[in-house]
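These notes are about the structure you will find just below.
Numbered from 1 within each chain, the chains take letters A, B, ... in sequence-line order. What you see below is based on every heavy atom in this structure, not just the backbone, and it leaves out hydrogens, waters and symmetry mates.
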2 protein chains.
Amino acid sequence: MESSELKKAGLKVTLPRLKILEILERNPAWHMSAEDVYKELLSQNEEIGLATVYRVLTQFEAADIVKRHQFESGKAVFELISKGEHDHIVCIKTGVVEEFHDPIIQERIAKIAEEHGFDMTDYSLVIYGISRDTCGVR
Amino acid sequence: MESSELKKAGLKVTLPRLKILEILERNPAWHMSAEDVYKELLSQNEEIGLATVYRVLTQFEAADIVKRHQFESGKAVFELISKGEHDHIVCIKTGVVEEFHDPIIQERIAKIAEEHGFDMTDYSLVIYGISRDTCGVR
DNA sequence: ATTCCTGCAAATCATTTGCATTACC
DNA sequence: GGTAATGCAAATGATTTGCAGGAAT
């Protein structure tokens, strides 16, 4: 049950938090903005304010339940952390997001941080391009 | 002379544009936000509005004179493109930005884009961490 | 002269916050 | 019942835009 995840994070189990968690789990492929989550709630006739969505997502981030990404679009998107580490490749036309994982890159990144005398806390790698599949060919 | 760069981009040669270009060139190590540039202008007693700074930086971006980066800080930072390609390593305590360049990573990135059927237009790689040098040890 | 550029103030967008009310344990 | 969470509206911070006046070619 999902409520245990919330308790473990020291968050009271409330309807908004459960609903938002459920929406994120139902959209495994998609990286959702706060607005996206809010619209989804509206379409389910849930009376949850946008401010609450922001608050909950921020709490989830602090609790390592979701990860916040800043792609080029200006608005932050969130995804569940549950699935293992991965990076992103984003279509600049359609917004489609795919994921990848490359041990060679990760190893190099760790080495570079070390060489620069940094204790790495995180990194962000996003490839931007045009998906030949979904954008038709030219 | 810098004015040729502006003309080539189809931009009229004006005082604000020259001043901003000069400031970016004088701060080679630093990645400046619009606000940073604006403050620097003020300290030089230049009567240039913040809106103009934003407009000029956006035009420079479109003309491939500068690159816009969205680090985690919430505000965009800009740097001259002139220097070759490089990626960034950012100290989350001090905001210090260092640069690096790794052909192995770039090669892998190109390959990954290819494998996913993307025509890569760009990518963004930022390492976050704590700089042992500038943050003292603990 | 014409067209493009600038400054200012007001507008917009994403996100955050204050406060009175409500829901959990 | 008491504390923490929510909804709403107003506040904030970064960036953009409308418009009238000014500069560059």
Checking side-chain polar atoms at under 3.5 Å, does A/H88 have a donor or acceptor matched by the opposite partner on A/E98?
no
Parallel, tilted or perpendicular: rings of B/F118 and B/H116 (30°, 60°)
perpendicular
[X] [atom1] to [N] [atom2], straight-line distance once rounded to whole Å:
X	N	atom1	atom2	answer
A/E47	C/dT21	CD	C1'	15 Å
B/F71	D/dA14	CZ	P	17 Å
B/L41	C/dT6	CG	P	12 Å
A/K75	C/dT16	NZ	P	14 Å

Only counting residues at least two apart or in another chain, list the ones meeting side-chain hydrogen bond (donor to acceptor under 3.5 Å, both in side chains) with A/S33.
A/D36
Mind checking what makes side-chain hydrogen bond (donor to acceptor under 3.5 Å, both in side chains) contact with B/R108, not counting sequence neighbours?
A/D102
Residue whose closest nucleotide on DNA chain D lies nearer the 5' end, B/S33 versus A/I48
A/I48
Do the charged groups of A/K67 and A/D122 touch, with an N to O distance under 4.0 Å?
yes
Looking at A/E107 and A/K111, is any side-chain nitrogen of the basic one under 4.0 Å from a carboxylate oxygen of the acidic one?
no
Within residues 50-64 of chain B, those residues having any heavy atom closer than 4.0 Å to DNA chain C are B/A51, B/T52, B/R55
Hey, can you pull the residues of residues 6-22 of chain B with a non-hydrogen atom under 4.0 angstrom from DNA chain C?
B/K12, B/T14, B/P16, B/R17
Any base atoms under 4.0 Å from B/A34, or only sugar-phosphate, or nothing? Heavy atoms, all strands.
nothing
NA contact type, A/E35, heavy-atom cut-off 4.0 Å: base, sugar-phosphate, or nothing?
nothing
Looking only at heavy atoms, which two atoms of B/Y38 and B/G49 are closest? And how far apart?
CE1-C, 3.8 Å
Can you tell me if B/E115 has over 12 outside heavy atoms packed within less than 6.0 Å of its CD?
yes
Check each of B/E61, B/E79, B/H31 against B/R68 using the side chain to side chain donor-acceptor pair (under 3.5 Å) test, and report the only one that passes.
B/E61
Report all side-chain donor-acceptor pairs from residues 7-20 of chain B shorter than 3.5 Å, counting only partners two or more places apart or in another chain.
unit_1 : atom_1 : unit_2 : atom_2 : d
B/R17  : NE     : B/K12  : O      : 3.1
B/R17  : NH1    : B/Q59  : OE1    : 2.7
B/R17  : NH2    : B/K12  : O      : 3.3

Determine yes or no for a side-chain-to-main-chain donor-acceptor pair under 3.5 angstrom, with A/T52 supplying the side chain and A/I48 the backbone.
no
Just the dot-bracket of DNA chain D, please: which string comes out with Watson-Crick or G-U pairs under 3.5 Å, [ ] for crossing, | for another strand?
||||||||||.|||.||||||||||
